[in-house]
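What follows is a short report on a single structure.
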Amino acid sequence: MSAAPAPAPAPAQQPAAPRLRRGVRLSHDATRGADLVLQPEGVLVLNPTAAAVLALCDGRRSVDAVVAALGERYAQVSRADVDELLARLAARRVVAYG
Amino acid sequence: MADTAPAADAAPAPFGLLAELTHRCPLHCPYCSNPLELVARAAELGTDQWCEVFAQARALGVVQIHLSGGEPLARPDLPELAAHARGLGAYVNLVTSGVGLTRERALLLAERGVDHVQLSLQDADAADGDRVAGARVHAAKLAAAEAVTAAGLPLTVNVVLHRANIDRTERIVDLAVSLGADRIELANTQFYGWGLRNRAALLPTRAQLESSRDAVARARARYGAAPDGGPEIVHVVADHYADRPKPCMDGWARRQLTVTPAGDVLPCPAASVIRTLPVENVLRRPLAEIWYASASFNAFRGTEWMSGPCRSCPQRHEDFGGCRCQAFQLTGDAARTDPVCGLSPDRPLVDAALAEAGPELRPNYAMRVLT
């Protein structure tokens with residue numbers, strides 16, 4: 001993840017960058033062989049796609065940049081699928097913007 | 001330990017450990033979730049013993065450790081225990097009354113790895129809050145909330161709703177929001193132990209319950225318009241007024257386990273009320289063996305233990321027959337359908353309790369005391 005650009009001063013129309021909400025951590029769980037979201041409300045067991053998306057949600061990358069970074073590693077990355085996943089993660093209070 | 005490895009059809013590994021570090025507490029709330037027979041200080045597990053419990057829990061699959069009590073700040077080794085839990089990779093949640101949580105201690109606990117703090121609040125103002133807590137603690141709680149947010153920790157405010165405070169639901173939410181809460185948990189009193197002893201004094205009326213529900217809806221509408229969606233407001237309604245039971249712990253011994261101050265291991269925090277189950281203790285038996293192989297933890301797993309009307313009920317995989325502790329407390333048989341259920345032949349027991357609820361807004365309580 002060291003290739004991420006340094007954060008630029010954000011103009012008002014800068015596209016929103018997803019990040020983990022305060023109090024949310026990602027963890028790999030050896031017992032279950034899965035990546036997890038740990039949050040005050042409980043635990044989410046992630047599928048590999050959700051884990052890959054969340055690992056890129058650093059509060060600096062826009063959703064476009066997240067999609068581009070995924071495209072470098074996986075075939076057939078769909079912007080619509082990423083949007084839908086991020087919306088679900090926002091509704092579960094895992095992800096916030098800005 | 002070789003014989004404790006889970007078989008393919010065994011119970012899933014637990015996600016959470018509720019560690020009741022102590023039953024000592026400066027508050028005397030008449031709805032306390034601790035049992036009537038509290039553990040004395042001399043019987044509490046030591047630092048090394050708790051560290052060993054955490055290590056065994058992590059090895060078993062626990063990823064969230066809730067440091068609770070009583071008041072966990074009464075343990076001088078709390079920062080050490082938090083650091084140990086976090087060092088094992090667990091998400092560390094501190095459940096506290098806030099009494100004694102100074103800025104310095106909050107900062108230290110944040111440094112040692114506490115991820116999140118749940119702070120209890122009794123009411124919207126000091127006079128009412130202090131009355132039900134049986135101690136002058138409201139002001140200290142406001143200061144504790146400030147210490148938590150100043151330390152950069154996310155804050156959940158927990159409120160137990162009962163007849164004397166439920167009419168102030170909206171003001172309580174306003175106070176919690178002003179304290180910087182990211183989450184607000186409004187939970188109607190559950191009637192076990194102290195709560196059961198004080199049930200007639202704590203039960204709200206149906207009309208109170210309905211206005212409280214409206215108040216929560218108004219608060220959600222007001223605060224939910226914020227750009228980040230505002231604080232999450234979780235509302236747990238009183239099951240005595242419901243027609244179907246609450247899902248027992250998401251299933252008996254399925255997601256979480258509780259360890260009491262003396263090391264007793266329970267499938268749910270209230271389970272010591274079920275006198276017919278053998279008591280397991282982590283000093284005598286490894287945690288993994290208790291989770292997978294003990295009679296207590298296997299007693300109500302799955303649906304085989306059920307009798308009618310649960311046995312053939314389409315809801316049995318969602319509500320798991322309701323609460324085993326409530327079934328035992330009200331009928332003497334932990335394997336019966338939760339009497340809250342409208343299909344239970346024991347529902348008249350719950351209706352009788354509702355009829356006993358008094359009208360007073362300042363009832364006399366049997367306050368929680370450590371004898």
Side-chain angles (χ1 to χ4, degrees), chain A residues 7 10-48 50-51 53-55 57-63 66 82-98, chain B residues 5-6 12-18 56-66 85-86 88-95 110 113-119 148-149 151-158 180-185 224 226-234 249-250 255-256 288 291:
Chain A
Q13 58 276 60
Q14 178 107 349
R19 60 171 168 81
L20 299 184
R21 282 185 94 104
R22 194 162 60 139
V24 175
R25 283 206 280 126
L26 299 180
S27 172
H28 182 75
D29 178 30
T31 307
R32 297 170 183 85
D35 290 302
L36 305 178
V37 166
L38 305 178
Q39 61 184 147
E41 297 80 343
V43 180
L44 295 181
V45 180
L46 298 172
N47 63 32
V53 169
L54 279 176
C57 293
D58 59 3
R60 296 195 302 265
R61 289 185 183 84
S62 64
V63 179
V66 170
V82 174
D83 278 339
E84 201 231 319
L85 176 64
L86 285 172
R88 275 192 285 134
L89 290 166
R92 296 191 79 155
R93 301 183 73 86
V94 175
V95 160
Y97 290 86
Chain B
F15 284 99
L17 166 69
L18 178 69
Q56 286 191 33
R58 276 291 293 137
L60 180 56
V62 163
V63 289
Q64 278 196 318
I65 296 182
H66 308 278
R86 180 64 183 263
L88 291 164
Y91 189 92
V92 181
N93 180 30
L94 175 66
V95 186
V114 168
D115 284 289
H116 171 252
V117 177
Q118 277 179 260
L119 174 71
V148 170
T149 53
L153 287 169
L155 173 69
T156 291
V157 167
N158 288 353
D182 303 298
R183 284 180 84 233
I184 302 162
E185 275 192 27
D228 65 348
E232 181 182 19
I233 304 178
V234 181
M249 293 297 291
D250 292 321
R255 297 184 64 87
Q256 186 171 307
W291 178 262

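Chain naming here is simple, since letters A, B, ... match the order of the sequence lines and numbering starts at 1 in each. These numbers come from the heavy atoms of this one structure, side chains and all, not from hydrogens, waters or symmetry mates.
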- Query: What part of B/D182 is in contact with chain A, defined as an atom under 4.5 angstrom from a non-hydrogen atom: side chain, backbone, both or neither?
  - Reply: both
- Residue-level contacts of residues 21-31 of chain A with chain B, using a heavy-atom cutoff under 4.5 Å: A/R21, A/R22, A/G23, A/R25, A/D29, A/T31
- What's the shortest heavy-atom distance between B/Q64 and A/Q39, and which atoms? NE2-O, 2.7 Å
- Measure the spacing between CD of A/E41 and CD of B/E232 and express it to the nearest 0.5 Å. 4.5 Å
- Task: Calculate, to the nearest 0.5 Å, the distance between atoms NE2 and CG belonging to B/H116 and A/L38 respectively.
- Result: 13.0 Å
- Backbone N/O of B/A13 and side chain of A/R32: donor-acceptor pair under 3.5 Å: yes
- Counting heavy-atom pairs under 4.5 angstrom with chain B, the leader among A/A96, A/A90, A/G42 is A/G42
